[in-house]
Student: 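Structure incoming, see below.
All values reported here derive from a predicted model rather than from experimental measurement.
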2 protein chains.
Amino acid sequence: MFELSFAEENYLKAIYHLSADGKRQVNTNAIAERLETRPASVSDMIRKLSEKGVVTYVKYQGVNITEVGKKKALWVIRKHRLWEVFLVNKLNFHWDEVHDIAEQLEHIRSSLLISRLDEFLEFPKFDPHGDPIPNAEGIMSSNPMTILSELPIGKTAELVSMKDTGAVFLNYLDRTGLKIGSKINIVDKMEFDGSMEIMVDQDKTMSISKQVSDNLLVITE
Amino acid sequence: MFELSFAEENYLKAIYHLSADGKRQVNTNAIAERLETRPASVSDMIRKLSEKGVVTYVKYQGVNITEVGKKKALWVIRKHRLWEVFLVNKLNFHWDEVHDIAEQLEHIRSSLLISRLDEFLEFPKFDPHGDPIPNAEGIMSSNPMTILSELPIGKTAELVSMKDTGAVFLNYLDRTGLKIGSKINIVDKMEFDGSMEIMVDQDKTMSISKQVSDNLLVITE
DNA sequence: CGGAATTTTTAGATTAACCTAAATTTTTAT
DNA sequence: ATAAAAATTTAGGTTAATCTAAAAATTCCG
Ligand SMILES: [Mn+2]
Ligand SMILES: [Mn+2]
Ligand SMILES: [Mn+2]
Ligand SMILES: [Mn+2]
């Protein structure tokens, strides 16, 4: 398998993200804006990427990422998101301060490193922003996120994201010990005020208000 | 503070290592050989580095690293060695397979990342190869390593390196749980065969033969 | 529709980090 | 001391990734 340069990886990732919203054709200007480069530079790079077979491209008609390109992009995204989990879960960074470091770490080349990191982090399925982490084959969970408050008694779910990302709410979560990746078991729900009794990580039970459970995004198996 | 490119960091690190052996002048050819580049490329880069003030240089007379240059080199070395500790202690790599990955990781820019990593690793003083890790100010332990078997009863020491690095010995250490960074307390020494009773990490005591303690390099406080 | 606006590409430069080949300086050794 | 050998620098190129300015294609709209 051929290797891509850092710049090529960044372009490919941008193209992947811009086309992931269902859109087929990705425009030169959109790529330039996302990467903070000039359209002329994008034209140059696109030609190079199409020669390498990771995008197809008809002049003036925009680019399409190929299957090979998608695989390459997803591999970079996998690395990015795993490093973000590492920074937040192991080095105590806040989820809003890890992106720039992950932008650098995502280019480190070693698949053994990444599989070991994945294992060390206990195979997380979502990054600290709630985005799914592709597996080694580039497949990621399409399991839709649901709001914790909507689940019935007895369900087990994994916390993957928060709706409210304000400092006050995050601080509250810090104190309860709830964090991305926590396994939540719904023990009881009170009709009176909508609060629920949950068990976190098969460990401790606590009561959370409806206001809290409305802001927790989870996935069920 | 100005930033150096990856290539500049690699040159500076090579120059630092080549002059660390007490030698003052570092030769163009020596740098070229170490970095697997051509002497002509080294000449180019040296001019650039001297303009940035990290080396001084008189044509045909070799280079000297400056204090500023030394500080920059030690910062890269600190990152390299901390990442090596991470790879070995946390991701279960073997000490002989981490160098190439650390060569990449050493260029990641974020001093907060490094201080968090240092903390996460519990402030190691030596890397998995027994080389000292500079602190944030670029100072590293010059505490000489001694052979464990030479220490008297009652001493506490930290395991920093092994003399015998063969698979058989390393395998033995794996099984005993002894590893770089372990705190070793000498509980007793047997005159009969030179074996010693040690306590590892204030946790479990064990007996090791003289053949083993002869191959363990430690530092005392 | 057909010109104006927008988007995209091309042309021509620049910078960093390399290279080879040739020139120059220093060192070594008769 | 001087010629040969070795080390080093310079000259002149290349490639990757960027840029500005200008040309060309596409899209928009009165
Ligand atoms: Mn990110
Ligand atoms: Mn993310
Ligand atoms: Mn190393
Ligand atoms: Mn090392």
Student: Assess whether a salt bridge exists between B/K71 and B/E67, defined as any Lys/Arg side-chain N lying under 4.0 Å from an Asp/Glu carboxylate O.
Tutor: no
Student: When the distance from CD of B/Q61 to P of D/dT8 is rounded to whole Å, what number comes out?
Tutor: 10 Å
Student: As an exercise, state the distance from CD1 of B/I108 to CD1 of A/I101, rounded to the nearest 0.5 Å.
Tutor: 9.0 Å
Student: At what distance, to the nearest 0.5 angstrom, does CG of A/N215 lie from CG of A/L148?
Tutor: 10.5 Å
Student: Could you list by number each residue of residues 35-46 of chain A showing a heavy-atom separation from DNA chain C of less than 4.0 Å, or answer none if no residue does?
Tutor: A/P39, A/A40, A/S43
Student: Can a side chain N or O of B/N27 be found less than 4.0 Å away from OP1 or OP2 on D/dA7?
Tutor: no
Student: Check for me whether A/K52 meets the cation-pi criterion with A/F2, that is, NZ or CZ under 6.0 Å from the six-membered ring centre and within 45 degrees of the ring axis.
Tutor: no
Student: In whole angstrom, what separates A/Y60's OH from C/dT6's P?
Tutor: 17 Å
Student: Check this for me: does any side-chain nitrogen of one of B/K125 and B/E158 sit under 4.0 Å from a carboxylate oxygen of the other?
Tutor: no
Student: Out of curiosity, A/F120 CZ to A/R116 CZ, how far, rounded to the nearest 0.5 Å?
Tutor: 12.5 Å
Student: With the threshold set at under 4.0 Å for non-hydrogen atoms, list the residues of residues 5-13 of chain B touching DNA chain C in residue-number order.
Tutor: B/S5, B/A7, B/Y11
Student: Under 3.5 Å, is there a donor-acceptor pair linking the side chains of A/H107 and A/N10?
Tutor: yes
Student: Decide yes or no on salt bridge (Lys or Arg N to Asp or Glu O under 4.0 Å) for B/K13 and B/E103, but give the supporting numbers first.
Tutor: CA-CA 11 Å; B/K13 196 159 56 99; B/E103 280 295 310; 3.0 Å; yes
